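Here the structure comes first, spelled out in structure tokens, and everything after it is commentary.
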Amino acid sequence: MFTPETSKHFKKYVDESGVVSYILTTRVAPVQQVFYFTNTSMTNDGRYLWFLCTYPPSTTQICAVLDFETDEITVHHETAGPRETLPQVDVDNGDIILGNGRGMYRIHPNDTENFEEIATSAVISRTVVDRFQKNLMGDKPGAGLKPSHLLWDNSKKKVLIDSQITLKGTRVGTIDVETGEYTPWLESEDVRYNHAAICPTNPDIGLLAEDFYVDVATGEYKLIRTLEDGTLCRIILATKDGRAEVIPPMFKTRATHEWWSYDGKAIYSVDMTMGLCRYDLEKKEWELRVPGKAWHGHSSMDEKYYVSDIDLVEQNFRGCESAVRFYNYETKKDVYIITKNPRANTPEKQNPFHMDPHPGFTCNDKYVTHTVTVDGHIDVAITPVDQLIEMTK
């Protein structure tokens, strides 16, 4: 089987730090990106690499997959959908699950004609538009199931989804991937929850992010709520029985880009000024796990190693200059995977493709995947982890 190091589709890139990465040079789309940092891009055995394709000026994204067994790329045009909805890779067989508004589907790698329908948006809502469409199209409503990203528990049976069903509101619940059954958890009429992430080891608990949004009816900009003492209501721990508990951020007024530890015992949040913060759910205590400026972050399964991206500008914007950092928690040493990603555009013309580096561990922590601009394109990059550990001993 081929690897990023031997595939015809990659070239070797050596950063000024000495770190070696491999950049996907075969271009099936003008913009090629890794999946979101919480949504792994590779299977555990290293056979399949999924990535996102965009064709500007369209912001619709399509998934493509590189099969390292044949060293061939397949573009799955049937996966076309809004860029806000991110798929989940089955790390054992290479399938992905995704939502596109009409429903949730399982897509098989290299097979662009056969797919499995897991659930339709009818399980979320039956709106007036849905009923009208039912008269015309049968029981296939066209709106309602629009999760911001899909993540399942370690058993791969349940997916926690956030669905924007009104102009302002959100419904949160789980879908059984095998039966398509929807179990509602909670609903809000005026709070926008997204990035729903089920606990890897307990499918009755989930992590939500309260987010800002623009009220499309009034044009009013809605900020994330704060408590009376100024605590930001960003980090929400939700439960199957409908509770939504605010976890006060480590630095009270700042928090973003949350994720679960692999064992489900902790959650992480990024403070863009201070670093990666770990919250122990049993002790209810925060620890500044990785100090230093950060944008997004991710942890290895054993929580010994971390990656983060860093914006290299005073005022953050999509497509700004950035760096990608590896941090060894055991030795407290770090090394830059990418010292500087050149900007992809200017602040006045921000890139709409959410092309932040989004580094994340993948393939049983063998690699870090991230998005780079070092060649003047928006490209997929893969970095072997062994060298990073060696360089930070």
Side-chain angles (χ1 to χ4, degrees), residues 1-2 7 9 24 26-29 32-36 39-55 58 60-124 130 133-134 136-161 163 174-182 362-363 369 380:
M1 189 169 72
F2 295 92
S7 169
H9 299 290
L24 181 64
T26 299
R27 308 200 62 77
V28 297
Q32 300 180 161
Q33 303 165 250
V34 299
F35 282 6
Y36 200 55
N39 297 55
T40 185
S41 293
M42 294 184 73
T43 51
N44 282 344
D45 62 4
R47 175 173 176 178
Y48 295 109
L49 167 71
W50 284 90
F51 57 97
L52 298 172
C53 301
T54 314
Y55 305 84
S58 171
T60 297
Q61 286 190 326
I62 295 171
C63 297
V65 62
L66 169 55
D67 184 345
F68 282 108
E69 186 168 284
T70 62
D71 210 24
E72 298 299 331
I73 294 174
T74 301
V75 180
H76 285 262
H77 293 280
E78 78 280 13
T79 62
R83 64 179 176 83
E84 292 84 1
T85 300
L86 293 166
Q88 170 73 49
V89 175
D90 187 325
V91 295
D92 294 320
N93 63 21
D95 291 349
I96 59 171
I97 57 170
L98 56 83
N100 66 0
R102 288 182 56 81
M104 183 185 298
Y105 305 92
R106 179 183 288 271
I107 308 295
H108 308 296
N110 306 331
D111 185 350
T112 60
E113 297 183 2
N114 300 300
F115 59 88
E116 299 174 29
E117 184 178 78
I118 296 172
T120 73
S121 62
V123 301
I124 305 297
D130 289 337
Q133 287 191 334
K134 182 177 181 180
L136 298 178
M137 305 169 62
D139 192 18
K140 299 286 185 181
L145 205 160
K146 295 181 179 179
S148 56
H149 64 5
L150 295 175
L151 292 168
W152 50 29
D153 64 334
N154 287 344
S155 71
K156 298 184 294 185
K157 293 180 179 179
K158 296 287 182 66
V159 177
L160 183 64
I161 61 171
S163 295
T174 55
I175 286 184
D176 186 304
V177 178
E178 295 178 352
T179 67
E181 180 184 2
Y182 177 70
T362 192
C363 192
T369 55
V380 172

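Every value quoted in this text rests on a predicted model; they were computed, and no experiment measured them.
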Sequence neighbours excluded, the answer for ring-ring contact (aromatic ring centres under 6.0 Å, His included) partners of Tyr36 is His149, His195, His354, His358
Nearest-0.5 Å distance that lies between atom CD1 in Ile97 and atom OH in Tyr105: 13.5 Å
Does the side-chain contact (heavy atoms from CB on, under 4.5 Å) test come out yes or no for Tyr55 and Ile62, once each step is laid out? CA-CA 9 Å; Tyr55 305 84; Ile62 295 171; 3.8 Å; yes
Heavy-atom closest contact (Val177 atom, Trp152 atom, distance): CG2-CE3, 4.1 Å
Going from CG on Leu98 to CD1 on Ile107, what distance comes out if it is rounded to the nearest 0.5 angstrom? 5.0 Å
When you check the gap from the basic side-chain N to the acidic O, do Asp176 and Lys157 get nearer than 4.0 Å? no
Straight-line distance of Thr112 OG1 to His77 NE2, nearest 0.5 Å: 8.5 Å
So, for Thr54 and Ala29, which heavy atoms are closest and what is the spacing to 0.1 Å? O-CB, 3.8 Å
Which is it for Gln88 and Val159 under the side-chain contact (heavy atoms from CB on, under 4.5 Å) test, yes or no, and what are the steps along the way? CA-CA 10 Å; Gln88 170 73 49; Val159 177; over 6 Å; no
Glu113 side chain reached by Glu78 side chain, heavy atoms, under 4.5 Å: no
Taken to the nearest 0.5 Å, the spacing of His76 NE2 from Asn110 CG works out to 5.5 Å
Side-chain (Thr362) to main-chain (Met42) donor-acceptor, under 3.5 angstrom: yes
A side-chain contact here means heavy atoms from C-beta on lying under 4.5 Å apart; do Val75 and Val65 qualify? no
Quick check for you: to the nearest 0.5 Å, what is the distance between Ile118 atom CD1 and Leu150 atom CG? 8.5 Å
Test side-chain contact (heavy atoms from CB on, under 4.5 Å) on Asp67 and Glu72; report intermediate values, then the result. CA-CA 6 Å; Asp67 184 345; Glu72 298 299 331; 5.7 Å; no
Tyr182 and Ile161, any side-chain heavy atoms less than 4.5 Å apart: yes
Side-chain donor or acceptor of Thr43 paired with backbone N/O of Tyr48 under 3.5 Å: yes
Kindly say whether Thr26 contributes a backbone atom to a donor-acceptor pair with the side chain of Gln32 at under 3.5 angstrom? yes
For Glu116, does the CD atom have more than 12 heavy-atom neighbours from other residues, nucleotides or ligands under 6.0 Å away? yes
Where Ala119 and Gly180 come nearest, the two heavy atoms and their spacing: CB-O, 3.9 Å
With side chains defined as the heavy atoms from C-beta onward, is the minimum distance between Cys53 and Val28 less than 4.5 Å? yes
Measure the shortest side-chain to side-chain distance between Leu52 and Phe35 over non-hydrogen atoms and say whether it is less than 4.5 angstrom. yes
From Asn39 atom CG to Ile96 atom CD1, the distance as rounded to the nearest 0.5 Å: 10.5 Å
Compare all side-chain heavy atoms of Asn44 with those of Cys363 and state whether any distance is below 4.5 angstrom. no
Do Phe51 and Ser41 come within less than 4.5 Å of each other through their side chains, counting heavy atoms only? no
Any residue meeting salt bridge (Lys or Arg N to Asp or Glu O under 4.0 Å) with Asp90, in chain and number order, not counting sequence neighbours: Arg106, Lys156
